[in-house]
*Asks:* 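Structure below; questions to follow.
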Amino acid sequence: MDINQIPSEDPAEQAGKNRLPIPVFILAGILLAAFLGFLYMGLQRSQQGPVQVGDPIPPISLTTFDGQVIDTTAQKGNVILLNFWASWCKPCESESAALQSAWEYYQPGGQVLFVGIDYVDTAPEALASLKKYGITFPNGPDLGTKISQMFRIRGVPETYIIDRNGNLAYIQIGPFSSSEEIQSIIDPLLQ
Amino acid sequence: MTVDLGFGLLVLTLIVTVYAAVAAIVGVSRNDARWVNSARLASLITFPLLTLVVAVVLYLITTGHYEVSYVYAVSSNAMPLYLKLTALWGGQAGSLVFWSWLMAAFSSAVMLRKWERDREFLPWVIVVTMITLIFFLGMVIFFENPFVRFWGTPMGNRIEAMFPPLGSELLVPNDGRGLNPLLRHPGMIIHPPMLYLGFVSFVIPFAFALAALITGRTDDRWIRITRRWTLVAWLFLTIGLVLGMRWAYDVLGWGGYWGWDPVEIAALMPWLTGTAFLHSVMIQEKRGMFKQWNMLLIILTYDLVIYGTFLTRSGVLSSVHAFAQSAIGPLFFAFIALTFVVSIWLMLLRWKSLRSEGQLHSLLSRETLFLVNNLLFLGLFIECFWGVNFPLLSEIVTGQKVTFGPEWYIRATGPLWGGLLLLMGIAPISAWQISTMKTLGRAFWKPLIPSVLAVGAVVALGIRQVGAVIGFWLIALVASVTIYEYWRGIRSRSRSTGENVFQAVWRLTAKNRRRYGGYIIHLGIIFMAMGVIGIEAFQQQTQGALTPGQSLEVAGYTVTYKSLAEWDTADGKNVARAVMEVSRDGKVLQELYPRRDYYYDSQQPMTIPGVRATMEDDIYVILVDWEPISTRQATFKVFRNPLVSWLWFGSIILILGSIIAVWPTPEREAAR
Amino acid sequence: MNKHKILRLFGLLAVLAGFVFTGTAQAQDQVPLVVTDDMVNQVASQLYCPVCENISLDVCPTQACEQWRSLIREKLEAGWSADQIKEYFAAQYGDRVLPQPPNRGLNRLVYILPRVMIIAGALLLAWIVMKLRARKPSSVPTEAAPQSSTEYLTRVEEELNKRKGE
């Protein structure tokens, strides 16, 4: 009998024959890790809150209802107040007076820009609201909800104030109570 | 005091569970039966302990202990007793306790079986079930504790905590917020428990599968033990899904029964792979083949159960069904990672030892057709899996959210369901091992004739939609084939025993419960398919604002608004109830009472439709509650849903067939 | 009358007639389309609420959805088609309002990959079936066979005994 025909008795080799090749394990491991990683990222996303104070804000571009284009990159060196609101949002009404008078205070100085971002709303209703509250600072629709998704807002009204260096300085969830409150937040940023 | 007792019992159960798992591992590594027996006793004790915990929670809810945050969130004084009992599973914390209790019930039940022939499986079954229980109890104790209470700090803040913070006082609200109105329905009594039963019971076949992989006893033993468990688990899951459909139809008011919502699909996916498993396991029994595939299927099914539960409860998915944001996410993720990695690694490790001999003889044999059945079910699973997970992927990669509505799912899965219907018509006629076009053809032409006649009738009735005609043809085909097979069995039986038809039907079914139970299940499914085609292809609707005396017309029916009454009830809601008259061809058929219930405690409304149901169609009337409702004018939506009653009728047949298939035969029990 | 005057008169009449006809045509264009609730629902059922999850606009009860249904009504009255309205909503509020992900970019994956996987599964199945058909029948009896055939024989015997007894 040819020695090559005697079946091998070596247990290691037996185990090797009975096992799937290593590349299969590696491939399964990679697929599983990818899937678990994807789940983990999803979990992180759902757990994370809105953007954190101190984070740099990426450039934002908004076309107002009048057709003007506002670009935050052009506003470098100024303080920017971004106010998310909607015509169907009851609490937004209560802060509109505060926002408008704060805007009238800051606009002449030219160092602060207020931008109203209309969140999933209809243009006629939005314009009617703006007229009703006498809002004069620039307002535009958040097309495709791109900007609100960037800030991961959970509802309206929410206000994000960006300092002169382009970093997020303050988050306001819910309406402002008065124009003084807004001024007390912005004034320190102007120094 | 009771609250502390409840929490203490929870912690004690966790300790016992940990002990059971550790003792089982010690017993296996030292080959010492005493340790394993101790582990077995410990795992038996978890059930009475958790029963006491459940009793404490129920006591707190029914006696209105609103200082307990969970009781405040899900109960109120106005709620009737039966709803208070269902509030046990009305919120995240309570439903996790309920889940743990069911898990303990099943693992204890399996501890009580005779283990003499399967001693080597016992410790590993204990380890798997106990580790699962450890995770769920951990989630309850550390993240979603149903026993936390409200405390007022000296500063005037309100905190929720288990143990009183320094210097604080217990805050006891007078009343609770009450259960979400959508959950205040008799369906709440039974739909979640059935679903949870279905999910939890899959842990037993999974535990045995892992035990088989770990011990290397990868022969058929683990499948024989778990076959009936799997069928029972599948039965509960099916009942849970059907009840969900009925509840959606009865209460949610959009005239439908399945919204392809991600949470619905998360419960459907294990059902799909579980049904595939139920079929392919028959190949393993008859021919000893596809052991690797069956192992993969059962592991996949249980992994999907856990995955679906994670998606629903962790806040990753947003859906009308999902629980609110919760802190259990990370721990649950760890549990998923552990389950997936261990089960898949073990399966790959033992893959080659699961190899089976056996030859496939012909392309049209029942084995091959069952494999095609598996392909179609897995195809359905793949489409559903992508539909559920892609929105998350899209959000992570592009930041853009997308929606998968029913249109997407129907387009993606329609042909696959059609293929399965076709298979249901062919497979019963094909034989194990050998089947050729000739043998199939010979058996096939007889049932084919009534199906073609049925198509003729359908087209003669004026139905032209291609999809619907094909669907009806397939339904008629499967019905003919199934009845034909049954009739053949009856005929040969009554010939040999001289019984009459009724006795023959009874005895035949009793002696071959799995086979004839399976045929009855298939009949149930095609009745359900009839209802689905009726409502999906031929639903008509109309909406309009009416003053009393005016009416809406749909499909030849006239629905007239007669009057409206509004009042407050004793259990804390404001009811607006309209009286509608349904007539056709001038003849009054029925009065319907669509309502809008507004719950004061939770400040949420609920609309309940008025429905006239016949086997031919349903007239379904909703009071539209986002338009003004008054005795002067109200807005109504009327649906005509053809054939939808066949969906409910078919589901009852389906459940009956499953019970028959599961029912143990006395002779078999003795042989086991 | 000379030819010149007749021509001018005809020209004037033609212009006047033109005014009259275009005038009435414009008046007809300005009569708004009667838009029923059903027409609004038909379009609304093909759009999803931009803020709530997976709820179509025809069943969503919130005030915001009320406004969007009025918007649909307005657009329908202005003569827009359902597709135009859907495009408008998608541009305003993002792709999530559409009932299916638009087939472009990353979304192509979800249209192609599942089908590719199913086809791959079918090919794998075909290959396995052919491989198993080519197998020689095993000389060693399978593990399952003895168990199932013994069980089967036991049952056959039991049945036969029963028959004998009846």
Side-chain angles (χ1 to χ4, degrees), chain B residues 219-220 224 253-254 259 261-262 284-289 318-320 356-363 368 371-372 374-375 378-379 382-383 385-387 390 393-394 397-398 400-408 411-412 416 496-497 511 541-545 605 625-626 635 637 667-668 671, chain C residues 36-38 40-41 46 48 52-56 58-63 65-66 94-102 105-107 109-111 113-115 117-118 121-122 124-125 128-138 140-145 147-148 151 154-155 158-159 163 166:
Chain B
D219 59 89
D220 276 359
R224 282 171 184 285
W254 35 272
D261 179 73
Q284 184 166 341
E285 288 168 15
K286 285 281 193 293
R287 305 288 318 287
M289 300 166 77
S318 25
S319 136
V320 284
S356 52
E357 299 300 315
Q359 192 196 11
L360 267 188
H361 294 281
S362 59
L363 285 175
T368 323
L371 286 179
V372 178
N374 271 209
L375 174 70
L378 271 281
I382 287 172
E383 295 279 2
F385 189 79
W386 276 98
F390 190 77
L393 184 67
S394 169
V397 174
T398 65
Q400 176 74 270
K401 293 193 194 184
V402 285
T403 306
F404 283 74
E407 296 87 341
W408 190 89
R411 180 200 53 80
L416 296 169
S496 65
T497 62
K511 297 243 179 266
Q541 60 171 288
T542 186
Q543 177 178 316
D625 68 342
W626 54 83
T635 309
K637 212 174 196 177
E667 310 100 38
R668 276 234 177 94
Chain C
T36 60
D37 279 358
D38 286 345
V40 171
N41 277 341
Q46 295 176 55
Y48 281 79
C52 4
E53 297 289 337
N54 284 323
I55 303 184
S56 59
D58 58 338
V59 295
C60 176
T62 63
Q63 192 198 347
C65 292
E66 269 293 280
D95 284 342
R96 64 183 296 191
V97 302
L98 295 172
Q100 301 189 50
L106 189 73
N107 300 341
L109 271 185
V110 83
Y111 286 93
L113 272 187
R115 292 190 192 149
M117 287 168 81
I118 295 175
L124 180 67
L125 177 63
I128 290 177
V129 167
M130 286 199 286
K131 203 175 75 152
L132 290 174
R133 279 188 78 194
R135 239 190 221 174
K136 305 275 190 320
S138 43
V140 179
T142 65
E143 285 181 59
Q147 284 175 339
S148 49
E151 215 183 40
T154 336
R155 282 206 70 203
E158 285 169 22
E159 291 293 292
R163 299 279 167 82
E166 279 168 12

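Naming: A, B, ... by sequence-line order, numbering from 1 per chain. None of the values given here were measured: they were computed from a predicted structure.
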*Asks:* What's the separation between atom CD in B:Q400 and atom CZ in C:R96, rounded to the nearest 0.5 Å?
*Replies:*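 B:Q400 CD to C:R96 CZ: 9.0 Å, rounded to 0.5 Å.
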*Asks:* Please report the closest heavy-atom contact between B:W408 and C:V110, naming both atoms and the distance.
*Replies:*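 Answer, listing the atom of B:W408 first, then C:V110: CZ2-O, 3.6 Å.
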*Asks:* Can you measure from CG (C:L125) to CG (B:N374) and round to the nearest 0.5 angstrom?
*Replies:*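 These two atoms lie 9.0 Å from each other.
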*Asks:* Can you say whether B:T368 sits under 4.5 Å from chain C via the side chain, the backbone, both, or neither, judging by heavy atoms?
*Replies:*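 When you check distances to chain C, only side chain atoms of B:T368 fall under 4.5 Å.
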*Asks:* Among the options C:L109, C:I128, C:L113, C:V97, pick out the one with the most heavy-atom pairs lying under 4.5 Å from chain B.
*Replies:*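 With the most close heavy-atom pairs to chain B, the winner is C:L113.
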*Asks:* Minimum heavy-atom separation for B:G405 to C:Y48, with atom names?
*Replies:*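 In terms of heavy atoms, the two residues are closest at CA-OH, 3.4 Å.
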*Asks:* State the CG-CD distance between C:D58 and B:Q543, to the nearest 0.5 angstrom.
*Replies:*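 With rounding to 0.5 Å, CG (C:D58) is 8.5 Å from CD (B:Q543).
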*Asks:* When you measure from the side chain of B:T403 to the backbone N and O of C:P99, does any donor-acceptor pair fall under 3.5 Å?
*Replies:*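 Here the side-chain-to-backbone pair does not exist.
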*Asks:* Is B:T635 close to chain C through its backbone or its side chain, or both, or neither, when contacts mean heavy atoms under 4.5 Å?
*Replies:*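 Contact with chain C involves the side chain of B:T635 alone.
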*Asks:* Using non-hydrogen atoms only, which part of C:C60 is less than 4.5 Å away from chain B: side chain, backbone, both, or neither?
*Replies:*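 For C:C60, the backbone is the part near chain B, not the side chain.
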*Asks:* Is it the backbone or the side chain of C:D95 that comes under 4.5 Å from a heavy atom of chain B, or both, or neither?
*Replies:*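 It is both, since atoms from each part get that close.
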*Asks:* With a 4.5 Å cut-off on heavy-atom pairs, point out which of C:P101, C:A122, C:S56 contacts chain B the most.
*Replies:*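 Ranked by heavy-atom pairs under 4.5 Å with chain B, first place is C:P101.
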*Asks:* Could you please spell out the steps behind the side chain to side chain contact (heavy atoms under 4.5 Å, CB included) verdict for C:L132 and B:M289?
*Replies:* CA-CA 10 Å; C:L132 290 174; B:M289 300 166 77; 3.8 Å; yes
*Asks:* I need the C:L124 CG to B:L375 CG distance, nearest 0.5 Å.
*Replies:*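 Going from CG on C:L124 over to CG on B:L375, the span is 9.0 Å.
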*Asks:* What residue in C:L98, C:V40, C:D37, C:V129 has the most heavy-atom pairs under 4.5 Å with chain B?
*Replies:*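 Most pairs with chain B among the choices: C:D37.
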*Asks:* Give, as side chain, backbone, both or neither, the part of B:P605 having an atom under 4.5 angstrom from any heavy atom of chain C.
*Replies:*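 It is neither, since no heavy atom gets under 4.5 Å.
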*Asks:* Is any side-chain heavy atom of B:R411 closer than 4.5 Å to one of C:Y111?
*Replies:*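 C:Y111 reaches B:R411 side chain to side chain.
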*Asks:* Test side chain to side chain contact (heavy atoms under 4.5 Å, CB included) on B:K637 and C:V59; report intermediate values, then the result.
*Replies:* CA-CA 10 Å; B:K637 212 174 196 177; C:V59 295; 4.1 Å; yes
*Asks:* Can you tell me how far the CG atom of B:L378 sits from the CD1 atom of C:I118, to the nearest 0.5 Å?
*Replies:*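 B:L378 CG to C:I118 CD1: 9.5 Å, rounded to 0.5 Å.
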*Asks:* Which heavy atom of C:N107 sits nearest to which heavy atom of B:F390, and what is that distance?
*Replies:*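 Here C:N107 and B:F390 meet closest at OD1-CE2, 3.3 Å.
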*Asks:* In terms of heavy-atom proximity below 4.5 Å to chain C, should B:A545 be classed as side chain, backbone, both, or neither?
*Replies:*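 Looking at B:A545, just its backbone touches chain C.
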